[in-house]
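A short worksheet on the structure shown next.
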Amino acid sequence: MDTSLAAIFDIYSFSLGRRLFAIAQVRSAALTSGEPDVVTFAESCVDHDETLRNMEAHWAARDEKAPAFAPEAKILDVAIDGVLGAIRDTAERQVEASAPGDPIALKGVGLLKELFPRGLFAVTSLPFVEELCEVERILAALESPTRAALVHELGLSRYVARLSDLVQQYRAALEKPLPPQVTFAEVKAARAEGQRRMLQLIAMIVGRYPSDEPADRAGRAALLGPILQQNEAIGQALRARRAADDVDPKTGEPVHAPAVSEAPAVTPSPA
């Protein structure tokens, strides 16, 4: 058995503007009738929906192509690619300029095969995180104490020192947290919470005026009237087979469909 407020109260799902407008009126009516608890909860509902309105704005303005890493990661990636190219080219020139059978040249050929077994492009074309792992492997090979003399003989010492510095910066850039962006899941959850809070407000008012005696009916009408009016307007639109436009939360005047993508359809609450 579903005992949720949405199942108990036959209330449509309100758009943000309609909900803000109606609850602001409920708050004013509660102030007039001296219902401080209702006023306080209505104010909390308005605060939530104002926060949701800001969230909706951030969602609408989001950059769908925002980078997954800090901007400096791309700059460092290019710099690392350049140093790797310099290491390969320098070692190759040393090998090519050596006399046949030169042991340094032979070791240089072996080093290049270890550093770039599938070629330089196979490293520089990797995604950021994968390239970092591969470059750290290359750096470890170049910084091995057993290769210190070879690195020096091939003229790679400056490049290795530069690569070591860049790799540290590269890792820091990839691990740097980006400013949080509003997700649609967060927006959707906040929309649902706004509707639930309005239903809680309705339940609170019904609890204060529970009977069908004239005084209770009048009390409910005074406090729930703004919500019921918006609910009826939504119902009229749906019965006419048209979308229920949102309203300006300050004036109640109809406005066109919300600009925010994936806005929730106005549908009845589940029975």
- side-chain hydrogen bond (donor to acceptor under 3.5 Å, both in side chains) with Q200: which residues, sequence neighbours excluded? none
- Note on the structure: So ring-ring contact (aromatic ring centres under 6.0 Å, His included) across residues 123-153, not counting sequence neighbours, yields F69-F128
- Query: If you take all heavy atoms of L201 and V26, which pair is closest and at what distance?
  - Reply: CD2-CG1, 3.9 Å
- Message: Please give me the minimum heavy-atom distance between V206 and F9, naming the atom from each residue.
- Response: CG2-CE2, 4.2 Å
- Task: Kindly work out whether a path of hydrophobic side-chain contacts (I/L/V/M/F/W/Y, heavy atoms less than 4.5 Å apart) joins V109 to L112.
- Result: no
- Item | Minimal non-hydrogen separation, A24 against V46, with atom names | N-CG2, 4.3 Å
- Message: So does D245 get a backbone contact from the side chain of R18, meaning a donor-acceptor N/O pair under 3.5 Å?
- Response: yes
- Message: Using modelled atom types and a 3.5 Å cut-off, is there a donor and acceptor pairing between side-chain atoms of S33 and backbone atoms of A29?
- Response: yes
- Task: Supply the members, apart from L31, of the Ile/Leu/Val/Met/Phe/Trp/Tyr cluster built from side-chain contacts under 4.5 Å; use none for a lone residue.
- Result: V39
- Message: Salt bridge check, D37 against R208: does any charged N sit closer than 4.0 Å to a carboxylate O?
- Response: yes
- Does F121 sit in a hydrophobic cluster with other residues, and if so which ones, taking ILVMFWY side chains as linked at heavy-atom separations under 4.5 Å, directly or through other members? none
- Query: Less than 4.0 Å between a side-chain N and a carboxylate O, is that true for D212 and R220?
  - Reply: yes
- Item | Transitive ILVMFWY side-chain link I138 to V95, under 4.5 Å | no
- In terms of side-chain geometry, is the basic nitrogen of R217 or E213 positioned less than 4.0 Å from the acidic oxygen of its partner? no
- Can we say E50 and R53 salt-bridge, meaning some charged N sits less than 4.0 Å from an Asp/Glu carboxylate O? yes
- Message: Using side chain to side chain donor-acceptor pair (under 3.5 Å), reason through D246 and S15 one step at a time and then give a plain yes or no.
- Response: CA-CA 6 Å; D246 201 4; S15 58; 2.5 Å; yes
- Message: Taking Y159 as the starting point, is it possible to reach L150 by hopping between hydrophobic residues whose side chains are less than 4.5 Å apart?
- Response: yes
- Other cluster members, V247 - Ile/Leu/Val/Met/Phe/Trp/Tyr, side-chain contacts below 4.5 Å: F21
- Ignoring hydrogens and geometry, is there a side-chain-to-backbone donor-acceptor pair from D2 to A7 under 3.5 Å? no
- Message: For L154 versus G108, what's the shortest heavy-atom pair and its separation?
- Response: CD1-CA, 4.0 Å
- Message: Suppose clustering is done on Ile, Leu, Val, Met, Phe, Trp and Tyr with side-chain heavy atoms closer than 4.5 Å. Which residues sit in the same group as I75?
- Response: none
- Report yes or no: does D248 contribute a side-chain atom to a donor-acceptor pair with the main-chain N or O of G17 at less than 3.5 Å? no
- Message: Assess whether a salt bridge exists between R147 and E114, defined as any Lys/Arg side-chain N lying under 4.0 Å from an Asp/Glu carboxylate O.
- Response: yes
- Main-chain N/O of L115 paired with R137 side-chain donor or acceptor, under 3.5 Å: yes
- Hey, are E96 and R93 close enough for a salt bridge, meaning a charged N less than 4.0 Å from a carboxylate O? no
- Query: Is a side-chain donor or acceptor of S144 paired with a backbone partner of A140 at a separation under 3.5 angstrom?
  - Reply: no
- Please answer whether the main-chain N or O of D165 pairs with a side-chain N or O of Q168 as donor and acceptor at a distance below 3.5 Å. no
- Message: Quick one: does any side-chain atom of Q195 pair with a main-chain N or O of F14 as donor and acceptor, under 3.5 Å?
- Response: yes
- Item | salt bridge (charged side-chain N to carboxylate O under 4.0 Å, His left out) between E232 and R239, worked out | CA-CA 10 Å; E232 176 58 25; R239 288 191 291 273; 2.8 Å; yes
- Honestly curious: do M204 and L20 fall in one hydrophobic cluster under the side-chain, below-4.5 Å linking rule? yes
- Task: Identify whether the distance between the nearest side-chain nitrogen and carboxylate oxygen of E153 and K107 falls below 4.0 Å.
- Result: no
